[in-house]
Amino acid sequence: MTAMPRIGWLAPVLACLCVLALPAAAPAAIRAKTTLESKSGTVRLVVKLTSTRSLTASTRPRSVKVKGGGKTYTLSRARGTSMATVSAGTWRSAVYRGRSAAGLSALAGKSVKVLVTSRAGTATVNSAVPKAPGPGPAPNPSAQPLFQPPGRELTGEETRPFLQRYLVNSRFTDCPGVGWPSCSVEERYNHCPDGSWEYHRLTPSSGSDIHAYGTAQVTGAVVHADGSWVVEYNQSGYGTTNFYHWEVATNGRVVGSYNHSQVLGPLQYQQPANCGAP
């Protein structure tokens, strides 16, 4: 996962989703975005660490390990990556081949624990490893990017206009295009213009469908220089609150996690949302 300063989401009565900065006194936390890097038959773990507050000599990571699949992998900081301000550097494991590579690749689509040690102690961060991407359509050089690249990384209050433009009135779905019933089964997450949130699982049998409704409060966001972005929010409904973490690529491919454990996706980003109309 990617670290993000905490931000808040205004109430639905405002008829729009807006982002506000929370007090600077919010406790610092390390977040980890974990991926598998494959090249020429080899595989290694790559973890990008960020902090919700500026690093100090006491909180700067000194070692990083990943636990997953019954094994522990030791990582080292990649050359050329800094640990200034909120960036805690990019960390990589050794390169694995053969059976070892197969074992490491098996972590795709699963959750791992990232152990980050500093002088202040060791923090354990849950991180979802995205599934390996499937073959996509051939690139179209004339196609416009889905998201306007900001040219630099945006965090906290700076993400407000971006989220209002792209998160508000959007949906994440595994049946892009016109949606169900063009696919026999569709999973869809709606982020509605009035501030409400919906989840639908639509099947050939209405008795097997799932419909959930609530509201969402954004707790963190990062927009990368290339226009890819990450958002986290707490979804409330039916007397419970659940945590969602979403990572959206420049081509609209979405992967995420639910309550720090269940891996979600891949899905596809689309606008507009189709709220109230399963």
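Basis for what follows: all heavy atoms, side chains included, without hydrogens, waters or symmetry-related copies.
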| side chain to side chain contact (heavy atoms under 4.5 Å, CB included) partners of Asn242, counting only residues at least two apart | Gln235, Thr240, Tyr244, Tyr258, Asn259

| task | Would you confirm whether the ring centroid of Phe172 sits within less than 6.0 angstrom of the ring centroid of His191? | result | yes

| Just by distance, do the side chain of Ser228 and the backbone of Ala249 share a donor-acceptor pair under 3.5 Å? | no

| query | Under the ring pair (Phe, Tyr, Trp, His ring centres under 6.0 Å) rule, what pairs show up with a residue in residues 46-79, not counting sequence neighbours? | reply | Tyr73-Tyr96

| request: Using salt bridge (charged side-chain N to carboxylate O under 4.0 Å, His left out) as the criterion, list what pairs up with Arg44, not counting sequence neighbours. | output: Glu37

| query | Who pairs with Thr241 by side-chain hydrogen bond (donor to acceptor under 3.5 Å, both in side chains), at least two apart in sequence or on another chain? | reply | Ser236

| query | For Tyr199, which residues count as a side-chain hydrogen bond (donor to acceptor under 3.5 Å, both in side chains) partner, sequence neighbours excluded? | reply | Glu187

| task | Check whether any side-chain N or O of Thr56 sits under 3.5 Å from a backbone N or O of Thr59 as a donor-acceptor pair, and report yes or no. | result | yes

| Which residue pairs pass the side chain to side chain donor-acceptor pair (under 3.5 Å) test with at least one member in residues 104-115, sequence neighbours excluded? | Lys113-Asn126

| field | Partner residues of Ser118 under the side chain to side chain contact (heavy atoms under 4.5 Å, CB included) criterion, sequence neighbours left out | value | Ala120

| query | Do any pairs count as a disulfide bond (SG atoms under 2.5 Å apart) and have a residue in residues 150-179, sequence neighbours left out, and if so which ones? | reply | Cys175-Cys183

| remark: Thr203 meets the side-chain hydrogen bond (donor to acceptor under 3.5 Å, both in side chains) criterion, sequence neighbours left out, with Asp209

| query | Can you list the residues that meet the salt bridge (charged side-chain N to carboxylate O under 4.0 Å, His left out) rule with Arg152, with sequence neighbours excluded? | reply | Glu158

| request: List for me each residue that meets side-chain hydrogen bond (donor to acceptor under 3.5 Å, both in side chains) alongside Thr122, sequence neighbours excluded, and say none if there are none. | output: Thr117

| Test ring-ring contact (aromatic ring centres under 6.0 Å, His included) applied to Tyr269 - qualifying residues, sequence neighbours left out | Phe147

| message | Hydrophobic clustering (ILVMFWY, side-chain heavy atoms < 4.5 Å, transitive) - are Val223 and Trp246 grouped together? | response | yes

| task | Applying side-chain contact (heavy atoms from CB on, under 4.5 Å) between Thr34 and each of Leu107, Val46, Val129, report the one that passes. | result | Val129

